[in-house]
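Just so it is clear, the model here is predicted, and its values are computed rather than measured.
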Amino acid sequence: MIFDLDMIKKVYDRYPERIAKAREIVGKPLTLSEKILYTHLWEGNATQAYERGNSYVDFAPDRVAMQDATAQMALLQFMQAGKTKVAVPSTAHADHLIQARVGAEQDLQEGINKNSEVFNFLSSVCDKYGIGFWKPGAGIIHQVVLENYAFPGGMMIGTDSHTVNAGGLGMVAIGVGGADAVDVMAGMAWELKMPKLIGVKLTGKMSGWTSAKDVILKVAGILTVKGGTGCIVEYFGEGAQSLSATGKGTICNMGAEIGATTSTFGYDDSMRRYLSATGRQDIVDAADKIAEHLTGDAEVYANPEQYFDQVIEIDLSTLSPHLNGPFTPDLATPVAEFRAKAEANGWPLEVEWALIGSCTNSSYEDLSRAASIVEDAVAKGVKPKAILGINPGSEQVKFTAERDGFLDSFRKFENARIFTNACGPCIGQWDREGADKGEKNSIIHSFNRNFAKRADGNPNTHAFVASPEMVAAVAISGRLDFNPITDTLTNEAGEQVKLNEPKGSELPAKGFAVDDNGYQAPSADGSSVQVVVSPTSDRLQLLEEFPAWDGKNITGAKVLIKAFGKCTTDHISMAGPWLKYRGHLDNISNNMLIGAVNAYNMETNKVKNELTGQYDEVPKVARAYKAAKVPSIVVGDENYGEGSSREHAAMEPRHLGVKAVLVKSFARIHETNLKKQGMLGLTFADKSDYDKIREDDVVNFLDLDQFAPGKQLTLEFVHNDGTKDTVIANHTYNEQQIDWFKAGSALNLIKQQEN
């Protein structure tokens, strides 16, 4: 089945004219990223050249995708927009709310039972507004999108930071907050600052134990978690063409871990093969007619330094397997160097759990390569030392892998667990036995993120990121420092044996198969569909408008918390057990900033209530300030809000009376989410001013009443001893974004314009 073929053909029909116009306006050869961006301008044909890293641009994405945890808030906002149907093809996917515990069947049924209210809500909203709904068990959103919706040269946005996975099929696919999705679903332009461009030239060809995962693990080590902020990463070269489409997807997926706006690859034979194998030959036929436009111009790739803002070159022939971590996905270590580094840092080397799956690595190819390692170990009489957990990416992948024997291969390990086609442990949906003890331990997984507490809630779990085949090898050995390239294992006969190199299939030789892919099509006319939200529900809550700005300076504000060090959206709004409240703003606000480290005492969830002088939990202090009509601000460190696109990290502070977030630097999506919700997202003009802010300060804005694009804001911090410090803050608000702030939120402005 091909979804939205007419839409795709319309996109391709306009490509030649729009690219010709863009090339004329820009006056130089174009990268693939530029071609896609200029082809999706809201205005149509380009009339000006936009400055990378500076110009705000209105775009017209082709489609929207939402996962169940973020879709709740996105659709609650869309219900307020006054529309009868979405303006672009849109889908919602039930993949985040199913907990991994025992195994696929039981876990899926328990997930449906526990979350039926939310699933029914999503199903009915999708039915009413013309949105496709992928039911629980259908698969992980990004794998399902790759199999069904992604197409070369397209532009999509999704309410999940790993929407970027679709770059594996040559899209510009970008993670956003729900308010951005509402704009596009409501038929409005979507705004993005014109990204800078990073070119990654891949030469050579991988072999042996090296996989596509190792490319992005290497890149993460080079660029760090914020090195891609505000940039699109475009991969090219002979090495890029040697990768499979799902391998490309893996690389693009983890581009979120370097802060990249998105990542992409040019259209090539691997994409043709994948599209054809997933029943989309008609898209191949259409894409082939404009193939020259679906990759960067030859001159760009011949002289990349002239066209990209930064160029990295990686030789796949010499690239080795990596393990990244712990606690951050950019701490990259080649496997041959891991033992020494682990011993020097005191990382636990024994592994109890090894996990394969997530949106990053759950394709047919991934499972086939990992299964080959398991089969080899069984044949050589080696039993695994760790528990191996598997999350297939979709029902189609699972059904086909079952048919072709890969899941039976995993079951040959007595303690293997086949979990539901869902996110599971990757997002904290894992009921890991013993995690509550808080013991220091290590796990290895093929996921994308490894922040503290993310997988199992234990802050002492050291999580390491690797390819599925390396995860399988470590599961067999039971040790992180096992190097399958050089090391041997002792089998049941006492012999020393060495694992063979992984073997796999890019695509199933007998084609993909599935009985029921889990898709629910919406009603042609949803006007009679009723969407019910109980006023007594603790899972769902209809939204109330945030108040508009009164036009005055904010004065008398308290410092709610000064966050120290890494403060991701996991720290601001945790997942795991809190996922069940993603549709209830007041309830989920009880997790606001509980994971952030307070710079004044270096503890979590313990801040001073300046009204009482007592220390309490962050949300409780925020609620006390709100009840007393005292505004508050949050102060943060570098790359504040990195990680997931979850807009709850912006909506919760807004709901609890926080007026501004002042930090050294922001992650892109979080800064945008703050703007959309009518918050002030500000950065220190002088980062050393962070050190001047004291726990008991009173904060006054001196010139917010003159808020304007390009004009710095002045804040006064009045200390308890009567002295003051004046801090200059930068911002990136343009006229429209200032209008969001004035209206109280972007959604408020939409509603005003509708009336």
Side-chain angles (χ1 to χ4, degrees), residues 161 175-177 193 223-231 256-261 327-330 449 451-454 557 559-575 589 591-600 602 604-605 607 618-619 622 632-656 658-693 695 699 713 715 717 727-733 737 741:
S161 56
V176 299
K193 185 180 285 187
L223 288 175
T224 77
V225 290
K226 64 177 184 176
T229 303
C231 301
E257 275 55 68
I258 56 172
T261 301
F327 306 128
T328 186
D330 60 346
R449 295 199 172 127
F451 304 137
K453 300 176 74 172
R454 182 172 173 92
V559 178
L560 176 63
I561 187 173
K562 179 175 167 179
F564 175 83
K566 187 183 281 288
C567 190
T568 71
T569 49
D570 278 47
H571 296 88
I572 304 168
S573 175
M574 289 183 179
S589 293
N591 78 359
M592 185 190 75
L593 284 159
I594 64 175
V597 175
N598 182 8
Y600 300 117
M602 301 307 291
T604 58
N605 205 23
V607 297
V618 184
S632 60
I633 75 165
V634 168
V635 178
D637 216 318
E638 296 279 9
N639 206 31
Y640 184 88
E642 73 170 274
S644 168
S645 69
R646 67 192 68 152
E647 66 184 339
H648 300 76
M651 296 184 79
E652 292 172 33
R654 182 75 168 101
H655 176 62
L656 295 186
V658 176
K659 302 298 184 184
V661 180
L662 174 62
V663 301
K664 293 181 182 178
S665 64
F666 280 111
R668 175 191 64 84
I669 299 176
H670 187 61
E671 182 181 24
T672 300
N673 286 345
L674 290 171
K675 292 178 178 181
K676 286 278 184 176
Q677 300 304 333
M679 292 273 281
L680 289 170
L682 309 174
T683 56
F684 292 100
D686 181 350
K687 293 182 180 181
S688 66
D689 284 346
Y690 170 91
D691 299 320
K692 296 177 180 177
I693 298 173
E695 187 174 33
V699 189
L713 292 174
L715 288 75
F717 288 80
V727 170
I728 304 300
N730 294 330
H731 69 83
T732 60
Y733 287 72
Q737 294 165 348
F741 171 73

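The shortest non-hydrogen separation linking E652 to S589 is CG-OG, 3.5 Å. Heavy atoms only, all atoms of each residue included: G643 and F451 are closest at CA-CE1, 4.4 Å. Closest approach of A557 and I633 over heavy atoms only: CB-CG2, 4.2 Å. Nearest approach of N605 to P619, heavy atoms of both residues: OD1-CD, 3.6 Å. Between L593 and C567, the shortest heavy-atom contact is CD2-SG, 4.2 Å.
Contact check for F564 versus M602: side-chain heavy atoms found under the 4.5 Å cut-off. The closest side-chain heavy-atom distance from L656 to M592 is below 4.5 Å. By the 4.5 Å heavy-atom criterion applied to side chains, D570 and R646 are counted as neighbours. Residues K566 and T328 are in side-chain contact: their nearest non-hydrogen atoms beyond the backbone lie under 4.5 Å apart. When side chains are defined from C-beta on, P653 counts as touching M679, because their heavy atoms get closer than 4.5 Å. Within the 4.5 Å cutoff, no side-chain heavy atoms of L682 are placed close to those of N730. In this structure, the side chains of P329 and V225 come closer than 4.5 Å at one or more pairs of heavy atoms. Two residues are said to be in side-chain contact when any heavy atoms from C-beta on lie closer than 4.5 Å; H571 and T604 fail this criterion.
Here I669 contributes atom CD1 and S645 contributes atom OG; the two are 5.0 Å apart, rounded to the nearest 0.5 Å. From Q677, atom CD reaches atom CZ of F741 across 13.5 Å, with rounding to the nearest 0.5 Å.
At a cut-off of 3.5 Å, with distance as the only test, no side-chain donor of T568 or E642 sits close to an acceptor on the other residue. R449 and S161 share a side-chain donor-acceptor pair at under 3.5 Å.
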Mind listing the side-chain donor-acceptor pairs of residues 659-666 below 3.5 Å, one per line with the distance, residues two or more places apart or on another chain?
from	atom 1	to	atom 2	distance (Å)
K664	NZ	D637	OD1	3.3
S665	OG	E638	OE1	2.6
S665	OG	N639	N	2.7

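For the pairing with V658, the side chain to side chain contact (heavy atoms under 4.5 Å, CB included) check across I561, L560, L674, L680 returns one residue only, L560.
Taking the six-membered ring where the residue is Trp, Y690 and F684 present perpendicular rings, their angle passing 60° and hence far from 30°.
In this structure a side-chain-to-backbone donor-acceptor pair under 3.5 Å is missing from N673 to A650.
Sorted by first then second residue, the salt bridge (charged side-chain N to carboxylate O under 4.0 Å, His left out) pairs that include residues 667-685, not counting sequence neighbours, are D180-K676, D183-K676.
When the shell of 6.0 Å around OH of Y600 is examined, it contains more than 12 heavy atoms from other residues, nucleotides or ligands.
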